[in-house]
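Working notes, beginning with the structure itself.
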Amino acid sequence: MTARRRYWLMKSEPDTFSIDDLERVRTEPWNGVRNYQARNYMRDGMKVGDGVLFYHSNTAVPGIVGIATIAAEAYPDPTQFDPKSDYHDPKSTREDPRWLLVDVAFERKLSRTIALDEIKARADELGEDFALTRRGNRLSVLPVSAAQWKLLLAME
DNA sequence: GCCAACGTTGGC
DNA sequence: GCCAACGTTGGC
């Protein structure tokens, strides 16, 4: 009995960490997530081998730029314990860590950016449960259904 | 750089 | 437990 592969979309600001950075390092601990809903998706949903749409946010043309896979299931994000880190959380303890991360591995760059504009134009087909196009949603880690994954990648 | 949306914090 | 103040996200 094997669990079905799941799919996700993960946002990153390319100035901070881009798809090219991921291609260079191959595998990256996805540190710095400080939103409980996003954390819960990583902790409760993600399994090794799951597919990830790599999304560039806060840039001239926001959109999906690559594909990655989950390479390690959730474990404590070490940056929360580092007083020098931007992601330091003084309220978190090693005995009861508040924040987790997963490892994300490079798979491939898309041949072109699937821009947010184009994605919005297909919002009806993607459905109301697609968090990226839901109004006001700022989640940086969000689930993607198999149908949504297929539809989005068919736009490449 | 602006600002709408929305999550978090903390006083009460 | 309410909710105003504040901070952050992210499109534009």
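In what follows, chains carry the letters A, B, and so on, assigned in the order in which the sequence lines appear, proteins first and then strands, with residues in each chain numbered from 1.
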Between [X] and [Y] (salt bridge meaning N to carboxylate O under 4.0 Å), is one present in this structure?
X        : Y        : answer
A:Asp21  : A:Arg24  : yes
A:Asp50  : A:Arg6   : no
A:Lys109 : A:Glu156 : no
A:Arg39  : A:Asp77  : no
A:Arg26  : A:Glu107 : no

| query | Once the angle between the rings of A:Phe17 and A:Phe54 is folded into 0 to 90°, is it parallel (under 30°), tilted (30 to 60°) or perpendicular (over 60°)? | reply | tilted

| In B/S/- notation, 5' to 3', how is nucleotides 7-12 of chain B contacted by protein heavy atoms closer than 4.0 Å? | SS-S--

| Are the aromatic ring centres of A:Tyr36 and A:Trp99 under 6.0 angstrom apart? | yes

Would you tabulate the nitrogen or oxygen pairs shorter than 3.5 Å linking the protein to nucleotides 1-5 of chain C?
none

